[in-house]
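Read the structure below first, then the notes.
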Protein chains: 2
Amino acid sequence: MGALILGRNEMLAILLKEFRALGFQGLSLSRIAEATGLGKASLYHHFPKGKDEMALQVMKFVKDWIQSEILIPINDKEIPPKKRLSHVLKTLDQFYEKGATACVIEMMLAGDVPPSVKGIVKECVEDLREGFISLGKDFGLSNDEAKKIAEQTLIGIQGSLIISRSLNDVGVFKRQIKIIENYF
Amino acid sequence: MGALILGRNEMLAILLKEFRALGFQGLSLSRIAEATGLGKASLYHHFPKGKDEMALQVMKFVKDWIQSEILIPINDKEIPPKKRLSHVLKTLDQFYEKGATACVIEMMLAGDVPPSVKGIVKECVEDLREGFISLGKDFGLSNDEAKKIAEQTLIGIQGSLIISRSLNDVGVFKRQIKIIENYF
DNA sequence: GTCTATATAATGATAGAC
DNA sequence: GTCTATCATTATATAGAC
C-alpha cells in the first residue's frame, strides 16, 4: 500500500521528513519501508548503497532546494531587498513548519553520520551564509556587517528551532523570525 | 579493563560524553560497555531499566550540574553582575569544549527519545532561561528586556554550536560568546 | 521495479555463576 | 558488583522469483 507510483522527488521528500524526525541512526529501513510503502528490498533498487546513500541523496536534494527556493530569490535584484528577505523568511517558516520540526542540518551532525553526508551539510550552511551575506550587501551593509548579520541569521534560526522544540513552544521560533527581519 | 572502580558521577560523566557525541539512538550498549569498561550485563545492575534510565539519569545529572555550576553562581549577589556573566560564560565555554562538542539538550530532542527524558531537557532549558533572566534584572534591565536577552542568549549558544559543528569552525561559537557578553 | 525469503550481524535485555 | 552465556528482536543487506 502507500503511494502507488512514487517519483524520485516524492521519495526524497519522504526520506527528508523521516530523517528530520528521527535522525540518521534513529531512522531504520523498516520505518522507511513503512513510510514509502515499498518493501525493504525495493529500497535497494533505488539506493544500492543503502541508508548512507539515502542520506546523501536527501542532503543533495536539500542543497538543490536551498539553491532554487532560497538563493535564487535572495539574489533577485529586480525585487527590493526588504521584499526578498520577507519572502525567504516566509519560505523558511514553511519549511520548518512554523518551528515545529527540526532542521536536517541539525539532525545530520551526530557522530555516526557518514562524513560524505556531513560534507553536503557543510556546503548547505556555506551556501545559506553566502546568500544572506549577499542580501546584507544589497541592504547597503558593509562586507563585515553583512557577514555578522548573516551569521546571526543562521545562528538565530538553528538556535530558536532547538529552544522551541525543547520548550515545546513555537513562539520562540516565531519571535526569532521577526528579530531576523529587523537585523537587516 | 578501563577504570577499575567507577564512581556514579564518573559513570554519568562518561555516559554524558557518549550521548552528546552519538545521540540517544546512536549510542549502543556495546559502545557504553566499551567506554565504561563494564560488561553489558553489569550496566543493568546500575541502570535496571537500561538505556532509557541511563539517559534519564544523565539528564538529571546535567540538571544538577546546571544548578550548581550555573544557577548558584549566576545568582550570587555578592559578586558584580558583569563578573557573574563572565564566569558563567567561561563555564559554558569549557562545558562545550570551546564549541567543539554538541549540547546534550540538542541531542536529546530526536523523535525516539523517551518523553521522560525530554521532560528533564525542558526543565534544564527553563532553568537556564530563569537564570539569565535573573541576571539580566541584576544588570538593571526591565523584566521584558531581561526575558528577551535571556532568550537570545540560549538561542545564541545552541545556534552557534550547530553552525560551528556544521562548518567545522569553532570560531563561530567563540564569537557568539563575545556577542552574548555584550548583550547584558 | 517490486516482491518473498533469507543471511548475517548488532541491538537491548536477562539468567545465573562467581 | 561483575562476569559469561544466551535470549528474542531488530538491524542492514542480499538472492532470486515474478
Side-chain angles (χ1 to χ4, degrees), chain A residues 1-16 18-59 61 107-108 110-118, chain B residues 1-19 21-59 61 107-108 110-118:
Chain A
M1 48 183 73
L4 286 179
I5 296 172
L6 217 52
R8 182 159 184 91
N9 280 357
E10 297 173 51
M11 175 162 296
L12 289 174
I14 292 174
L15 288 175
L16 171 57
E18 298 295 326
F19 274 121
R20 283 172 73 166
L22 297 166
F24 179 75
Q25 181 88 229
L27 179 59
S28 68
L29 288 188
S30 315
R31 179 81 195 87
I32 295 171
E34 191 183 356
T36 57
L38 289 176
K40 281 193 284 182
S42 305
L43 294 170
Y44 283 88
H45 170 76
H46 299 279
F47 306 95
K49 290 180 191 162
K51 204 164 73 164
D52 287 23
E53 188 176 1
M54 293 182 201
L56 197 66
Q57 294 301 326
V58 162
M59 283 316 303
F61 176 69
M107 301 301 285
M108 289 295 193
D112 40 23
V113 176
S116 55
V117 176
K118 289 189 186 176
Chain B
M1 49 182 74
L4 285 179
I5 295 173
L6 216 53
R8 184 160 182 90
N9 280 356
E10 296 173 52
M11 175 163 296
L12 289 173
I14 291 174
L15 288 175
L16 172 58
K17 182 187 170 190
E18 297 295 326
F19 275 120
L22 297 166
F24 179 75
Q25 183 89 228
L27 179 58
S28 68
L29 288 190
S30 315
R31 179 81 194 87
I32 296 171
E34 192 183 355
T36 58
L38 289 176
K40 279 196 284 185
S42 305
L43 294 169
Y44 282 89
H45 170 76
H46 299 279
F47 306 96
K49 289 179 191 163
K51 202 164 74 163
D52 286 23
E53 189 176 0
M54 293 182 203
L56 197 65
Q57 294 302 325
V58 162
M59 284 315 302
F61 176 70
M107 301 301 286
M108 289 295 193
D112 42 20
V113 176
S116 55
V117 175
K118 288 189 185 176

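As the structure is a computational prediction, the values presented were derived from the model and not from experiment. Chain naming here is simple, since letters A, B, ... match the order of the sequence lines and numbering starts at 1 in each.
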Check your understanding: How close or far is atom C1' of C:dT11 from atom CG of B:L22, stated in whole angstroms?
Key -> 15 Å
**Study point:** Nearest-nucleotide pick for A:H46, side chain only, options being C:dT2, D:dA15, D:dT2
**Key:** C:dT2
Exercise for review: Please state whether the phosphate of C:dT2, meaning OP1 or OP2, lies under 4.0 angstrom from any side-chain nitrogen or oxygen of A:H45.
Suggested key: no
Review point. Hey, what do you get for CD1 (B:I32) to CD1 (B:I14), rounding to the nearest 0.5 Å?
Key: 10.5 Å
Review point. Between atom NZ in A:K51 and atom P in C:dA10, what is the gap in whole Å?
Key: 15 Å
Exercise for review: Indicate, with a heavy-atom threshold strictly under 4.0 Å, whether A:K40 touches base, sugar-phosphate, or nothing.
Suggested key: base
Practice item. Quickly work out the B:D112 CG to C:dG12 C1' distance and round it to whole Å. Key: 14 Å
Check your understanding: When rounded to the nearest 0.5 angstrom, what distance separates CG in A:L38 from OH in A:Y44?
Key -> 13.5 Å
Check your understanding: B:L6 CG to D:dT2 C1': how many Å, rounded?
Key -> 13 Å
Check your understanding: Do B:K40 side-chain atoms and B:A33 backbone N/O form a donor-acceptor pair below 3.5 Å?
Key -> no
Review point. What integer distance in Å separates A:E34:CD from D:dT10:P?
Key: 13 Å
Review point. Within the structure, does a side-chain N or O atom of B:Y44 lie under 4.0 Å from either OP1 or OP2 of C:dT14?
Key: no
Revision key, fill the gap. A:L27 atom CG is separated from D:dT10 atom C1', nearest whole Å, by 14 Å
**Study point:** Sugar-phosphate, base or nothing in reach of B:S28, heavy atoms under 4.0 Å
**Key:** sugar-phosphate
Review point. Counting side-chain heavy atoms from C-beta on, which of D:dT12, C:dA13, C:dA15 comes nearest to A:L29?
Key: D:dT12
**Study point:** Below 4.0 Å: OP1/OP2 of C:dG1 and any side-chain N or O of A:S42
**Key:** no
Exercise for review: Establish, with yes or no, whether the OP1 or OP2 oxygen of D:dT10 is under 4.0 angstrom from a side-chain nitrogen or oxygen of A:S30.
Suggested key: no
**Study point:** Separation of atom CD in B:Q25 from atom C1' in D:dT10, rounded to whole Å
**Key:** 10 Å
Point to revise | Residue pair B:V117 / B:M108: nearest heavy atoms and the distance that separates them | key: CG1-SD, 4.0 Å
Practice item. Indicate, with a heavy-atom threshold strictly under 4.0 Å, whether A:L43 touches base, sugar-phosphate, or nothing. Key: nothing
Practice item. Would you mind classifying the nucleic acid contact of B:I32 as base, sugar-phosphate or nothing, using non-hydrogen atoms under 4.0 angstrom? Key: nothing
Check your understanding: Between C:dA9 atom P and B:R31 atom CZ, what is the distance in whole Å?
Key -> 21 Å
Review point. Under the criterion side-chain contact (heavy atoms from CB on, under 4.5 Å), which of A:Q57, A:M54, A:M11 is the partner of A:H46?
Key: A:M11
Exercise for review: Output the single nucleotide from D:dC3, C:dG12, C:dA5 whose closest atom is nearest the side chain of B:L38.
Suggested key: D:dC3
